[in-house]
Q: 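Below is one structure. I have some questions about it.
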Amino acid sequence: MTVLSKILLFFPTLVLLLTGAAIVYLAHSPSIFSILAVLLSIYGLPVLVYRWHQWVYPVREGISYLQGKEYSPWWGSHQIQTIYIAIPALEAVLRLIPGVFSIWLRLWGAKVGRNVYWTPGLEIADRGLIEIGDRVVIGHRVGIYSHVIKPRKQDLMLYVKKVKIGNDVFVGAGSHLGPGVVIADGTFVPAATNLYPNQQA
């Protein structure tokens, strides 16, 4: 693990500390500025750091290894997003406001079409590595994972590939979509369906 990898392990902690300080500031001096400070620390800072990280260390699709001497851009990008995986309520709130979660994903670099319905229980592991068409419904407890890790030759092999969902698709509750999954236009994915890496539906 490189020095940068170790530093980014503390990024979620930094976000929590800054958010805590902003909340104390809000309680002490309620104003539009203190409200903005809370929102920027929770939602603004991670997106800005992620976009800078993508510019300097872009995540590339394909196979790589995590335990070598080279820095893994995916590892860094994952640490920046970890706060939303650890505290899913932060994004669940955004899904309660029509259109806001789609805008949120676009800020991370995802391609998201119009009139996409997201249920509050959704989990997305790699926000910038998804492409979703128009008029898509994502059911309760759906998981979208654009990476998979497995042990290989005393190392950890990482496979990264975008998940692509076409137009007019319904993804049933409890389904899980692995890296490289492609769902064609107009497809109905039944509840509790597991689509494995590079599978098409």
Side-chain angles (χ1 to χ4, degrees), residues 2-59 71-147 162-163 165 171 173:
T2 66
V3 173
L4 182 55
S5 298
K6 292 177 181 178
I7 291 172
L8 285 172
L9 278 173
F10 292 95
F11 185 78
T13 305
L14 174 65
V15 172
L16 288 175
L17 290 173
L18 289 175
T19 302
I23 290 171
V24 170
Y25 173 52
L26 173 63
H28 184 264
S29 304
S31 69
I32 188 69
F33 298 108
S34 54
I35 292 170
L36 285 174
V38 172
L39 293 176
L40 286 173
S41 60
I42 294 175
Y43 298 109
L45 178 63
V47 171
L48 290 172
V49 171
Y50 178 86
R51 294 308 291 255
W52 174 83
H53 183 272
Q54 278 291 93
W55 181 61
V56 179
Y57 303 105
V59 176
Y71 175 68
S72 169
W74 174 84
W75 172 265
S77 72
H78 186 69
Q79 298 312 311
I80 296 166
Q81 299 174 71
T82 295
I83 187 108
Y84 305 110
I85 298 169
I87 310 173
L90 294 175
E91 287 189 323
V93 170
L94 300 178
R95 290 192 283 273
L96 296 175
I97 308 167
V100 169
F101 190 67
S102 292
I103 294 169
W104 169 249
L105 290 178
R106 290 181 196 121
L107 291 174
W108 291 87
K111 294 181 180 178
V112 181
R114 294 169 293 141
N115 300 320
V116 177
Y117 178 75
W118 311 91
T119 51
L122 169 72
E123 182 179 54
I124 297 177
D126 304 283
R127 283 149 193 77
L129 295 171
I130 55 175
E131 295 181 9
I132 298 178
D134 300 330
R135 300 171 302 278
V136 173
V137 175
I138 306 291
H140 186 58
R141 299 287 180 200
V142 167
I144 302 176
Y145 312 101
S146 300
H147 77 275
K162 288 183 180 180
V163 172
I165 300 173
V171 181

Q: Could you tell me whether a side-chain N or O of R95 sits under 3.5 Å from a main-chain N or O of Y117, the two making a donor and an acceptor?
A: no

Q: Please report the interatomic distance CD1(I85) to CD(E123), rounded to the nearest 0.5 Å.
A: 6.0 Å

Q: Let me confirm one number: the OH-CG distance from Y43 to L94, rounded to the nearest 0.5 Å.
A: 4.5 Å

Q: Taking all non-hydrogen atoms of both residues into account, name the closest pair between I83 and I80 and its distance.
A: CG2-O, 4.3 Å

Q: Please find the pair of heavy atoms, one from L45 and one from S41, that lie closest to each other, and give the distance.
A: CB-O, 4.1 Å

Q: Could you tell me whether the side chain of S34 and the main chain of S29 form a donor-acceptor pair under 3.5 Å?
A: yes

Q: So which heavy atom on V142 is nearest to which on L122, and how close?
A: O-CD1, 3.3 Å

Q: Are any side-chain N or O atoms of Q54 and backbone N or O atoms of V59, one a donor and one an acceptor, separated by less than 3.5 Å?
A: yes

Q: Got a second to check how far R141's CZ is from T119's OG1, nearest 0.5 Å?
A: 9.0 Å

Q: Quick one: does W75's side chain get under 4.5 Å of L9's, heavy atoms only?
A: yes

Q: Going through the distances and angles, do I87 and L16 end up as a side chain to side chain contact (heavy atoms under 4.5 Å, CB included)?
A: CA-CA 11 Å; I87 310 173; L16 288 175; 4.1 Å; yes

Q: Counting only heavy atoms from other residues, nucleotides and ligands, does the tally under 6.0 Å from OH of Y71 exceed 12?
A: yes

Q: Fit a plane to each ring of H53 and Y57, take the angle between them on a 0 to 90° scale, and name the class: parallel (under 30°), tilted (30 to 60°) or perpendicular (over 60°).
A: tilted

Q: Pick one: which of V100, V136, V112 meets side chain to side chain contact (heavy atoms under 4.5 Å, CB included) with W118?
A: V112

Q: Identify the two heavy atoms, one from P46 and one from Y84, that lie closest to each other, and give their separation to 0.1 Å.
A: CG-OH, 3.2 Å

Q: How about I144 and V171: do any of their side-chain heavy atoms sit closer than 4.5 Å?
A: no

Q: Check W108, Y145, W74 against D126 for a side-chain hydrogen bond (donor to acceptor under 3.5 Å, both in side chains) and give me the one that passes.
A: W74

Q: If you measure from CZ on F33 to CG on L40, what distance do you get to the nearest 0.5 Å?
A: 12.0 Å

Q: Restricting to non-hydrogen atoms, name the atom on G128 and the atom on Y50 that form the minimum distance, rounded to 0.1 Å.
A: CA-OH, 3.7 Å

Q: Is there a side-chain contact between I165 and I138 (heavy atoms, below 4.5 Å)?
A: yes

Q: Is it the case that the side chain of R51 and the backbone of L107 share a donor-acceptor pair, with hydrogens and angles ignored and the cut-off at 3.5 Å?
A: yes

Q: Using a 4.5 Å cut-off on heavy atoms from C-beta on, say whether the side chain of W104 contacts that of V47.
A: yes

Q: Looking at every non-hydrogen atom in both residues, tell me the closest pair between L8 and Q79 and how far apart they are.
A: O-CB, 3.4 Å

Q: How many angstroms lie between CG in L18 and OG1 in T13, if you round to the nearest 0.5 Å?
A: 11.0 Å

Q: How about I35 and L26: do any of their side-chain heavy atoms sit closer than 4.5 Å?
A: yes

Q: Rounded to the nearest 0.5 Å, how far does CZ of F11 lie from OG1 of T82?
A: 10.0 Å

Q: Would you say CZ of R135 has more than 12 non-hydrogen atoms from neighbouring residues, nucleotides or ligands within 6.0 angstrom?
A: yes

Q: Around R114, counting heavy atoms of other residues, nucleotides and ligands shown, do more than 12 lie under 6.0 Å from its CZ?
A: no

